[in-house]
Amino acid sequence: MPGALPGAHYPGCVTIRLYDTSARQIRDFIPITPGCVSIYLCGATVQAAPHIGHIRSGLNFDIMRRWFAHRGYDVTFVRNVTDIDDKIIKKSAEQGRPWWSIGYENERAFNSGYDVLGCLPPTYEPRATGHVTEMVEMMRGLIERGHAYESEGNVYFDVRSFPGYLQLSNQDLDNLLQPSGEGETGKRDPRDFAMWKAAKPGEPSWETPWGRGRPGWHLECSAMAHKYLGAAFDIHGGGLDLIFPHHENEIAQAKAFGDDFAAYWVHNAWVTMSGEKMSKSLGNSVLVSEMVKHWRPIVLRYYLGTPHYRSMIEYSEEALREAESAFARIEGFIQRVVEKAGPVEPAAEVPPAFAEAMDDDLGVPQALAIVHTTVRQGNSALTADDKESAVARLAEVRAMLGVLGLDPLDPQWAGAASGRGDDLHGVVDSLVRLVLEQRQAARGRKDYATADAIRDQLQQAGLAIEDTPSGPRWSLT
């Protein structure tokens with residue numbers, strides 16, 4: 001089936017359950033089109049390079065997309081790029097650079113971040129500026145239906161014209177404080193929001209029936225979701241911070257236009273530092289481009305992707321080191337089996353307990369516990385010299401890691417030379433093997449004091465030495 005990963009099976013009696021923000025409960029997932037799932041994810045606003053908080057959303061929905069594909073669904077995954085907004089224009093003025101230059105540079109940085117952390121490319125990745133025609137058509141329809149109006153070159157949505165407004169965020173309209181941008185004049189009600197902003201001198205603008213201007217933040221997603229996924233689609237995703245005003249305003253525009261829009265709303269939690277949401281404005285961001293210089297990308301993916309998507313991640317070096325150690329235990333098992341038995345292909349199916357955890361609102365922490373249990377079973381089989389069982393456990397481990405995008409034998413990671421240690425691994429390996437040869441020579445002449453001293457020095461340097469039938473093997477502790 002198109003879009004399905006190897007080992008997938010058609011979703012007949014399989015029930016995936018997701019927490020739906022709009023329903024405030026976990027619901028059985030029932031696709032609009034049997035066997036298919038359509039996902040729209042609010043992607044990058046490209047005023048700056050991404051930090052790990054930005055990329056977490058892409059990782060969480062990459063795992064969702066992979067799981068649906070494993071379960072046999074044909075997945076259409078749309079992740080947009082907001083390449084024009086107030087922040088980009090402000091950066092353009094501050095830096096004396098064209099807005100499109102800033103946007104394109106940071107769009108490439110986001111894509112590099114997604115790629116280096118193993119995210120599959122989206123089915124479609126539309127830019128806001130490429131869909132002004134669709135936005136104009138939607139505004140025209142909303143004005144005709146009495147849900148929007150033009151004022152001083154701006155086009156606003158009349159929030160009181162749409163009875164379902166604020167149901168997603170569960171707010172009261174009378175107590176609403178609607179965020180407003182500079183230059184939003186002529187509103188009938190201060191809670192109305194801008195779909196289109198009148199042109200200002202020196203700012204980018206496009207021609208419309210209401211004069212030159214540029215998109216408001218919210219309109220672009222309603223218009224692009226309609227174009228690529230139709231009037232109704234399955235899942236709309238994004239970070240918790242987008243529930244209001246962005247997603248609330250998307251719903252108002254799309255449904256007032258006549259679309260059914262998203263059937264499920266799924267939101268991921270933040271990466272925090274000292275209890276605060278990671279953001280550029282707080283000055284506490286950790287750029288992906290810097291992180292992968294110090295941490296292997298697959299370890300960073302493990303760290304960001306394995307907590308539950310609805311749980312906050314409090315960033316710390318200690319937590320990253322714990323993730324590195326945990327993943328090293330998995331890699332060590334894989335390496336030992338491959339050395340003993342040669343290449344092992346992933347199993348056709350994941351263990352039932354792993355599938356049950358993933359089906360239950362993408363329970364990655366519970367699913368990961370099954371991975372580690374299987375690794376322990378495999379290590380016990382190796383100790384007992386039960387090659388057949390060890391190979392079977394590795395096949396299961398590879399199948400599970402493949403779903404999570406964490407299989408170190410996958411070509412995505414196996415041939416990569418990136419991140420801390422990967423580009424130097426060959427050099428370090430050669431140096432360590434020279435020292436290990438000296439240790440073996442000392443043991444051969446029964447100079448055990450020298451052999452033990454060499455081993456102790458290597459351990460003090462952060463290397464673990466394991467003596468195997470095929471010779472000594474080293475790994476980072």
Side-chain angles (χ1 to χ4, degrees), residues 14-29 37 39 41-42 51-71 77 114 117-120 234-243 247 264-273 275-278 286 298-316 318-327 329-330 350-375 397 399-407:
V14 172
T15 300
I16 295 175
R17 305 173 72 233
L18 296 171
Y19 184 85
D20 180 8
T21 305
S22 61
R24 294 172 185 81
Q25 63 180 352
I26 293 177
R27 297 172 54 202
D28 290 351
F29 175 74
V37 58
I39 304 170
L41 174 63
C42 283
H51 56 62
I52 58 175
H54 292 131
I55 296 297
R56 183 191 181 185
S57 182
L59 271 173
N60 288 152
F61 285 91
D62 181 65
I63 292 172
M64 173 191 282
R65 181 243 192 105
R66 287 170 181 265
W67 184 243
F68 272 114
H70 179 84
R71 279 307 204 185
F77 181 60
Y114 293 132
L117 295 185
C119 293
L120 299 172
D234 293 305
I235 299 169
H236 195 310
L240 283 173
D241 52 320
L242 298 180
I243 293 175
H247 289 165
Y264 298 80
W265 287 85
V266 179
H267 293 92
N268 65 277
W270 303 328
V271 178
T272 61
M273 292 183 71
E276 295 185 90
K277 173 179 174 286
M278 186 174 287
V286 183
I298 196 169
V299 169
L300 195 55
R301 181 181 176 101
Y302 184 97
Y303 170 69
L304 293 172
T306 53
H308 194 275
Y309 74 91
R310 290 194 286 120
S311 299
M312 297 293 182
I313 300 176
E314 174 67 16
Y315 171 78
S316 71
E318 181 181 0
L320 258 167
R321 285 193 293 271
E322 290 174 357
E324 183 178 49
S325 296
F327 191 69
R329 290 193 292 272
I330 297 173
V350 296
F354 180 95
E356 182 179 353
M358 292 297 291
D359 284 340
D360 187 12
D361 195 30
L362 303 176
V364 174
Q366 294 78 13
L368 192 64
I370 306 303
V371 174
H372 283 285
T373 296
T374 308
V375 166
V397 167
M400 292 185 283
L401 292 179
V403 167
L404 301 176
L406 286 168
D407 180 4

Would you call Y303 and L59 a side-chain contact if the rule is heavy atoms closer than 4.5 Å? no
One thing to verify: whether D360 and R17 come together as a salt bridge, which I'm taking to mean a side-chain N less than 4.0 angstrom from a carboxylate O. yes
Locate the shortest heavy-atom distance separating I313 from L304; write the atom from each residue and the value. CD1-O, 3.7 Å
One should read off an interatomic distance between S325 OG and L320 CG, to the nearest 0.5 angstrom, of 10.5 Å
Side-chain contact, heavy-atom cut-off 4.5 Å: I243 with W265? no
Of N60, V271, L117, which is the lone residue that meets side chain to side chain contact (heavy atoms under 4.5 Å, CB included) with I55? L117
Heavy-atom pair of closest approach, residues R310 and Y19: NE-CB, 3.4 Å
Just how far is it from atom CG of N268 to atom OH of Y309, taken to the nearest 0.5 Å? 9.0 Å
Whether over 12 other heavy atoms sit under 6.0 Å from E314 CD: yes
Please evaluate residues W67 and V364 with respect to the criterion side chain to side chain contact (heavy atoms under 4.5 Å, CB included), reporting the C-alpha separation (whole Å), side-chain torsions for both, the decisive distance (0.1 Å), and the verdict. CA-CA 11 Å; W67 184 243; V364 174; over 6 Å; no
Let me confirm one number: the CE-CE distance from M312 to M278, rounded to the nearest 0.5 Å. 12.5 Å
Do any N or O atoms from the side chain of D62 and from the backbone of L120 form a donor-acceptor pair under 3.5 angstrom? yes
Please answer whether the main-chain N or O of G363 pairs with a side-chain N or O of D361 as donor and acceptor at a distance below 3.5 Å. no
Measure across V299 and A323 and return the closest heavy-atom pair with its distance rounded to 0.1 Å. CG1-C, 4.5 Å
Value rounded to 0.5 Å, distance of CE in M358 from CE in M400: 11.5 Å
Could you check if a side-chain atom of L240 sits within less than 4.5 angstrom of a side-chain atom of W270, using non-hydrogen atoms only? yes
Restricting to non-hydrogen atoms, name the atom on C42 and the atom on L242 that form the minimum distance, rounded to 0.1 Å. CB-CD1, 3.7 Å
Side-chain contact, heavy-atom cut-off 4.5 Å: L404 with L368? yes
Measure the shortest side-chain to side-chain distance between R301 and I63 over non-hydrogen atoms and say whether it is less than 4.5 angstrom. yes
Given the options T15, I16, L18, D359, D28 meets side chain to side chain contact (heavy atoms under 4.5 Å, CB included) only with T15
Taking CD in E318 as the centre, count heavy atoms belonging to other residues, nucleotides or ligands within less than 6.0 Å. Is the count above 12? no
Specify the closest pair of heavy atoms between F77 and R65, including all atoms of both residues, with the distance to one decimal. CD2-NH1, 3.4 Å
When you measure from the side chain of H372 to the backbone N and O of V375, does any donor-acceptor pair fall under 3.5 Å? no
Do F68 and R71 come close enough that some side-chain heavy atom pair is under 4.5 Å? no
dist L41:CG -> H236:NE2 (nearest 0.5 Å) comes out at 8.5 Å
When rounded to the nearest 0.5 angstrom, what distance separates CZ in F354 from NE2 in H70? 8.0 Å
I need the minimum non-hydrogen distance between I298 and L406, along with the two atoms involved. O-CD2, 3.6 Å
